[in-house]
Number of protein chains: 2
Amino acid sequence: MPVPLYQAKAEFFRTLGHPVRIRVLELLQDGPRPVRELLEQIDIEASSLSRQLAVLRRTQLVTVTREGDAVVYELGTPDVAELLRAARRILTDLLADQGELLVQLRNGAAVEPGGVHR
Amino acid sequence: MPVPLYQAKAEFFRTLGHPVRIRVLELLQDGPRPVRELLEQIDIEASSLSRQLAVLRRTQLVTVTREGDAVVYELGTPDVAELLRAARRILTDLLADQGELLVQLRNGAAVEPGGVHR
DNA sequence: TATGAATGTGAAGAATTCTTCAAGTCGACG
DNA sequence: CGTCGACTTGAAGAATTCTTCACATTCATA
């Protein structure tokens with residue numbers, strides 16, 4: 001009973017679906033970073049960050065090593081950076097002519113066939 | 001007060017974080033499809049599918065048109081296909097040497113610095 | 001070895017997201 | 001106009017995911 005690929009994909013994307021996790025991945029695009037450093041850039045409680053790092057760890061999007069008394073995180077594979085770029089491209093397109101539409105809609109506005117482009 | 005980009009990104013990925021939504025997008029990679037057709041390939045209740053289509057619609061990942069008595073969906077932009085490809089690449093890598101690890105871990109197993117590569 | 005700094009984890013309530021069933025809408029057609 | 005088919009949406013309970021606070025770990029150092 002293999003895990004259906006589309007389900008693995010969904011899990012994967014869900015892992016990326018959190019603001020803090022995205023920020024962490026973006027910071028890590030520039031190279032390995034100790035938690036302490038992530039912490040000073042993200043303005044969040046240490047325990048919250050730690051939780052989110054745990055999520056990224058589970059799916060191997062990042063890997064950890066200990067250096068002295070600091071814990072250092074880095075991207076699990078450079079492909080992650082590529083994925084983020086692809087996402088940015090799409091998002092830029094979508095946001096370009098939609099403005100804040102994306103978020104507004106997520107908050108409940110309706111879009112229907114025929115009413116979409118109003 | 002603009003919507004922080006990293007938040008928009010998180011929303012975007014979360015939208016992709018559902019098995020049914022992923023399947024729909026993959027089916028649409030081959031071109032527009034009426035709901036009826038999606039329905040026969042996905043084995044899910046019509047109302048559930050409809051809900052998920054609504055989510056994809058809100059974020060403009062798909063667009064809708066009505067053709068006669070059928071409702072036809074299609075990708076909002078071809079970039080989506082590219083994104084899915086990038087994701088598949090990463091996933092293939094991760095799953096390659098990890099097997100079902102991804103899913104097992106999401107279900108709770110622990111991974112710690114030093115214990116990662118067991 | 002006792003302390004302190006840097007991180008991680010248990011637990012519980014809050015917030016979101018899913019799933020389902022019943023009911024509603026809209027175009028096609030008799 | 002009335003009804004059928006194809007979808008969508010309202011509502012409510014179930015399941016997940018988040019956030020936080022308190023406490024536990026681990027390593028460095030005095």
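Here is the naming used below: chain letters follow the sequence lines, and residue numbers restart at 1 for every chain.
When rounded to the nearest whole Å, the span between CD1 of B/Ile42 and P of C/dT19 equals 12 Å. For the pair B/Leu56 CG and C/dC18 P, the interatomic distance rounds to 11 Å; values are reported in whole Å. Computed from coordinates, the A/Leu53 CG to C/dT7 P distance equals 10 Å when rounded to whole Å. The interatomic distance linking B/Asp43 (CG) with C/dT20 (P) rounds to 11 Å, in whole Å. For the pair A/Arg58 CZ and C/dG8 P, the interatomic distance rounds to 12 Å; values are reported in whole Å.
Going from atom OG1 of A/Thr63 over to atom CG of A/Leu28 covers 9.0 Å, rounded to the nearest 0.5 Å. Between the CZ atom in B/Phe12 and the CG atom in B/Leu83 there is a gap of 5.0 Å [rounded to 0.5 Å]. One finds the CD atom of B/Glu11 at 11.0 Å from the CZ atom of B/Arg58 (value rounded to the nearest 0.5 Å).
Here C/dT17 is the nucleotide among C/dT17, C/dT9, D/dT8 with the atom lying nearest to any side-chain atom of B/Arg14.
Residue pairs meeting the side-chain hydrogen bond (donor to acceptor under 3.5 Å, both in side chains) criterion with at least one member in residues 30-45 of chain B, sequence neighbours excluded, are B/Arg33-B/Glu37. Pairs passing the side-chain hydrogen bond (donor to acceptor under 3.5 Å, both in side chains) check and including a residue from residues 80-91 of chain B, sequence neighbours excluded, read A/Glu82-B/Arg89, A/Arg89-B/Glu82.
When all heavy atoms are compared, the tightest approach of A/Val35 to A/Leu53 is CG2-CD1, 4.0 Å.
Both A/Ile44 and A/Glu67 sit near DNA chain D, but only A/Ile44 has its closest nucleotide nearer the 5' end.
A/Leu75 and A/Val72 sit in two unconnected hydrophobic clusters of ILVMFWY residues. Membership requires side-chain heavy atoms under 4.5 Å apart, directly or through other members.
In this model, the phosphate group of C/dT19 is approached by a side-chain N or O of B/Gln52 to a distance below 4.0 Å at OP1 or OP2. The phosphate of C/dT9 (OP1 or OP2) has a side-chain N or O of A/Arg57 nearer than 4.0 angstrom. At least one side-chain nitrogen or oxygen of A/His18 sits closer than 4.0 Å to the OP1 or OP2 atom of D/dT19.
By the side chain to side chain contact (heavy atoms under 4.5 Å, CB included) test, B/Leu39 pairs with B/Ile44, B/Ala46, B/Leu49, sequence neighbours left out. Qualifying side chain to side chain contact (heavy atoms under 4.5 Å, CB included) partners for B/Ala70, counting only residues two or more places apart in sequence or in other chains: B/Pro34.
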Between protein and nucleic acid, restricted to nucleotides 21-23 of chain C and to nitrogen or oxygen atoms under 3.5 Å apart, what atom pairs and distances do you find?
from: C/dC21; atom 1: OP2; to: B/Glu45; atom 2: OE1; distance (Å): 3.3
from: C/dC21; atom 1: N4; to: B/Ser47; atom 2: OG; distance (Å): 3.0

Tabulate atom names and distances for all N/O pairs under 3.5 angstrom spanning the protein and nucleotides 2-7 of chain D.
from: D/dC7; atom 1: OP1; to: B/Val71; atom 2: N; distance (Å): 3.2
from: D/dC7; atom 1: OP2; to: B/Arg36; atom 2: N; distance (Å): 2.9

